[in-house]
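The model shown is predicted, which means the values in this text are computed figures rather than measured ones.
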Amino acid sequence: MFQRLLKLPINNSFFIFGPRGSGKSTHLREHLLTPQSLYIDLLSDQQEKRYRKNPDILISDVAARPDLDWVVIDEIQKIPKLLDLVHKLIEEKKVNFALTGSSARKLKRDGANLLAGRAFILNMFPLTFLELKEKFMLSQVLRWGSLPRLFAYNNDEEKILFLNSYVKTYLNEEIISEQLVRNVEGFRDFLEIAAQMNGKIINFSKIGRESSMDNKTVKEYFQILEDTLVGFWVPGFHQSVRKAQKFQPKFYFFDVGVQRALEGSLDSIPTPGTSSYGQYFENYLFTEIFRANTYSQKNYKLSHYQTTTGQEIDLILSKGMKKIVVKIKSTTQIDPVEVKAFARLAEAFKESQNYFVSLDPVATELYGVRCLYYQDFIREVFWPQVNL
């Protein structure tokens, strides 16, 4: 059992959204499954049929349990009509609800009642290095990702089977059953191309040509991935929000292992010193930063920066006037020449905090740039006052 970073509210209803297999149900069972709780699993055919046939049964089920502390409903998007009853019970009976789902898109699309602020909205992701602790191995996470169930398998063959099955399950359960797309084969082709473009500048027209679909459809498919928390955008940075929209964004899948399964590269081993290793490390670190930013509630905006001559800053964390400018390298020993070049590029950002983040374990400062091991960077920026 892993100790998760996501802290659950003590006395307020909440949603937890996250991709399938990220640990939502396990986390709730560990913390809320008690004799004083009612657990409703809508992935169970029996329970799903029972509540779909007559959603009002929820009212009588709660009324029969005056000792209830929590009502947990797993995969609430299966029966959105239940949310009206949840709202009623929160208002009239002061019942606390914990609601999970892997897709907020269907709820929004169907006009479901999202409880008008009466329930907090939380997100959950695969395991971070802080949660894995002594079980964390960078080489393994770069190859397989960090979905919790992966750590129950002891050999490569089982891990490959699991990740390939996960991808197929996602297509069948999350896309087909939720009717988010009509052209399933086209979406499958899109997923493979999108996975190959992970962490790169997204050219919608190019992806459309390669997948034989128009730009509108490509953008819609990316929107589905974002809405289901399967990935996230990192837009181009500009001081003007209006101008920022003219810069092409990057897209990152939520987990390196899932991305590698989609692109069909699970049988290859990321090798230190290669360009592909550097790309996988950058992709992985972006997922760690995205998770830390969410769990710590720092709420930085993530963006990237590229000059017209092709010089690039990998990541900018911004909030108000504060900017943290980051260069990411997979090197185990930093090169002062590269740090100096980055420092010059970072001069475009006035009074920013500049970080050169790598696999070099020695912390130092050069040319006004703080050079840190990647784990130390995450702790310093997102958890400065927490002993993790």
Pairs meeting criterion ring-ring contact (aromatic ring centres under 6.0 Å, His included) with involvement of residues 25-56, two or more places apart: His27-His31
Inter- and intrachain pairs under ring-ring contact (aromatic ring centres under 6.0 Å, His included), touching residues 304-331, at least two apart: Tyr305-Phe349
Establish, from distance only, whether the side-chain atoms of [X] and [Y] form a donor-acceptor pair under 3.5 Å.
| X | Y | value |
| --- | --- | --- |
| Arg188 | Ser211 | no |
| Gln46 | Ser44 | no |
| Glu158 | Asn154 | no |
| Asn215 | Ser205 | yes |
| Arg344 | Tyr367 | no |
| Gln223 | Glu226 | yes |
| Ser37 | Asp69 | no |
| Asp255 | Gln259 | no |

Aromatic ring proximity [X]/[Y], centre distance under 6.0 Å:
| X | Y | answer |
| --- | --- | --- |
| Tyr153 | Phe162 | yes |
| Phe187 | Tyr221 | yes |
| Phe377 | Tyr374 | no |
| Phe251 | Phe253 | yes |
| Trp233 | Phe222 | yes |
| Phe125 | Phe290 | yes |

Lys NZ or Arg CZ of Lys327 over Tyr355 ring: under 6.0 Å, within 45°: no
Any chain of hydrophobic side-chain contacts (each under 4.5 Å) joining [X] to [Y]?
| X | Y | answer |
| --- | --- | --- |
| Ile328 | Val362 | no |
| Leu345 | Ile201 | no |
| Leu161 | Leu147 | no |
| Leu38 | Ile57 | yes |
| Ile269 | Val141 | no |

Parallel, tilted or perpendicular: rings of Phe254 and Tyr166 (30°, 60°): tilted
Salt-bridged, [X] to [Y], with N to O below 4.0 Å?
| X | Y | answer |
| --- | --- | --- |
| Glu351 | Lys323 | no |
| Lys329 | Asp360 | no |
| Glu312 | Lys250 | yes |
| Arg4 | Glu131 | yes |
| Asp61 | Arg50 | yes |
| Lys216 | Asp214 | no |

List the atom of [X], the atom of [Y], and the distance in Å for their closest heavy-atom pair.
| X | Y | answer |
| --- | --- | --- |
| Ser352 | Ala346 | OG-O, 4.0 Å |
| Pro35 | Arg65 | O-NH2, 2.8 Å |
| Phe97 | Ser13 | N-OG, 2.8 Å |
| Arg260 | Leu142 | CD-O, 3.4 Å |
| Pro9 | Trp70 | O-CZ2, 3.7 Å |

Main-chain N/O of Gln47 paired with Arg52 side-chain donor or acceptor, under 3.5 Å: no
Ile193 backbone acceptor or donor facing Glu263 side chain under 3.5 Å: no
Close side-chain approach of Asn96 and Val71, heavy atoms under 4.5 Å: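 A side-chain contact under 4.5 Å is absent here.
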Identified side-chain contact (heavy atoms from CB on, under 4.5 Å) counterpart of Tyr300 within the set Ile289, Asn293, Leu315: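 For Tyr300, the side-chain contact (heavy atoms from CB on, under 4.5 Å) test succeeds with only one of Ile289, Asn293, Leu315, which is Asn293.
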Starting at [atom1] of [X], measure out to [atom2] of [Y] and round the result to the nearest 0.5 Å.
| X | Y | atom1 | atom2 | answer |
| --- | --- | --- | --- | --- |
| Phe232 | Leu302 | CZ | CG | 7.0 Å |
| Leu150 | Leu127 | CG | CG | 9.5 Å |
| Asn54 | Lys81 | CG | NZ | 11.0 Å |
| Leu8 | Leu122 | CG | CG | 7.0 Å |

Over 12 non-hydrogen atoms of neighbours within 6.0 angstrom of NZ in Lys168: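 Incorrect, the count does not exceed 12.
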NZ/Lys49: more than 12 non-hydrogen atoms of other groups inside 6.0 Å: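 Atom NZ in Lys49 is not crowded, with 12 or fewer foreign heavy atoms closer than 6.0 Å.
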